[in-house]
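Some notes on the structure that comes next.
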Amino acid sequence: MNGLPALTVAVALATSFVSSTQLTTAVPASLIVTAGSANVYAANPGGAQTSALTFTITPNPPSIASLNPNSAVAGSSAISVTIDGSNFAAGAVAQSAGVSLATTYVSVARLTALIPASLLASTGVLGIRVSNTGGPLSNEVTFTVTPAPPAISAISPTAVNAGSAGFTLTVSGSGFASGCAIQWNGVPLSTNRLTAAQLT
């Protein structure tokens, strides 16, 4: 049933009679160690027994303990992450934002998954979860997409004579956020942000 192996060992359980329509019994932990199913029936003294009903022992859900790496810079190319945890089954799939990630099963405690560049295009937080085939989802861990650091490609002018009057310096590059400041030997200068690629 449900693709799970049936438990076929017959075990008589200590049973309490409540009424002609109800019995109770304590099921020991040793009988529910492995996912699968068990046929449950009652037998009266003398051998007459009921038809069986199926009791299902579901697999433990996967659990994520850590993600490595757990961040990347916005605009990065696809990145492979290692997912460590427990109860991972062959065929387990990691997912984020409703997108199934290309996932490789390493062991019951480790998976690797590829986060595509499309999910790394802009800053934010991705929730990563794991699902075993047909099973419940794991807990969620976060993968952070951080802003790209600013970069300078050119300054203009590149030189002035000693003793010259103050001048306007234009800095070109990328990733200049609002509030970004040009520094001169570690001293912040009054800065105008023209675009994400140019400051003065």
Side-chain angles (χ1 to χ4, degrees), residues 60-133 135-200:
N60 288 319
S63 177
I64 301 175
S66 65
L67 194 65
N68 184 39
N70 61 8
S71 66
V73 173
S76 296
S77 56
I79 185 171
S80 178
V81 296
T82 298
I83 304 170
D84 287 324
S86 58
N87 301 322
F88 300 143
V93 176
Q95 56 184 264
S96 178
V99 177
S100 293
L101 308 180
T103 306
T104 300
Y105 174 83
V106 179
S107 72
V108 69
R110 174 167 288 186
L111 305 171
T112 61
L114 189 69
I115 300 177
S118 59
L119 294 182
L120 304 174
S122 57
T123 60
V125 175
L126 303 176
I128 306 293
R129 305 179 81 177
V130 170
S131 174
N132 289 332
T133 304
L137 288 169
S138 71
N139 58 307
E140 183 177 271
V141 295
T142 57
F143 183 92
T144 304
V145 185
T146 60
I152 293 176
S153 58
I155 58 174
S156 178
T158 59
V160 295
N161 293 327
S164 297
F167 66 97
T168 297
L169 178 70
T170 299
V171 176
S172 300
S174 61
F176 300 146
S178 178
C180 187
I182 298 171
Q183 295 193 11
W184 184 281
N185 286 335
V187 178
L189 302 179
S190 178
T191 303
N192 292 318
R193 176 182 180 272
L194 304 180
T195 68
Q198 192 170 71
L199 306 171
T200 62

Reported CG-to-CD1 distance for the pair L101 and I83, which is rounded to 0.5 angstrom: 7.0 Å
Determine all donor-acceptor pairs shorter than 3.5 Å in which one atom belongs to a side chain in residues 63-72; sequence neighbours excluded.
none

Least distance between heavy atoms, Q95 atom then S131 atom: NE2-CB, 4.1 Å
Closest heavy-atom pair and its distance - V145, S122: CG1-O, 3.2 Å
Rounded distance (nearest 0.5 Å) linking atom CD1 of I155 with atom CG of L169: 5.5 Å
Test item: T142 side-chain N/O and V125 main-chain N/O as donor-acceptor pair under 3.5 Å: no
Distance-minimising heavy-atom pair for A181 and T191: CA-OG1, 3.6 Å
Minimum-distance pair of heavy atoms, taken over all atoms of A78 and P116: CB-CA, 4.0 Å
Qualifying residues under salt bridge (Lys or Arg N to Asp or Glu O under 4.0 Å), relative to R110, sequence neighbours excluded: D84
R193 side chain to F176 backbone, donor-acceptor under 3.5 Å: yes
Distance in Å, Q198 CD paired with N192 CG, rounded so as to fall on 0.5 Å steps: 11.0 Å
N60 (side chain) donor-acceptor with N87 (main chain) under 3.5 angstrom: no
Trace of the side chain to side chain contact (heavy atoms under 4.5 Å, CB included) decision for C180 with L199: CA-CA 8 Å; C180 187; L199 306 171; 3.9 Å; yes
Contact summary for A94 and A113, nearest pair of heavy atoms: CB-CB, 3.9 Å
Residue pairs passing the side-chain hydrogen bond (donor to acceptor under 3.5 Å, both in side chains) test where at least one lies in residues 143-167, sequence neighbours excluded: none
Reported CG-to-CZ distance for the pair N139 and R129, which is rounded to 0.5 angstrom: 8.0 Å
Residue pair S96 / F143, side-chain heavy-atom distance below 4.5 Å: no
Single hit among V106, T104, V130 for side chain to side chain contact (heavy atoms under 4.5 Å, CB included) with L111: V130
Minimum heavy-atom distance I182-T200, with the two atoms named: CD1-C, 3.8 Å
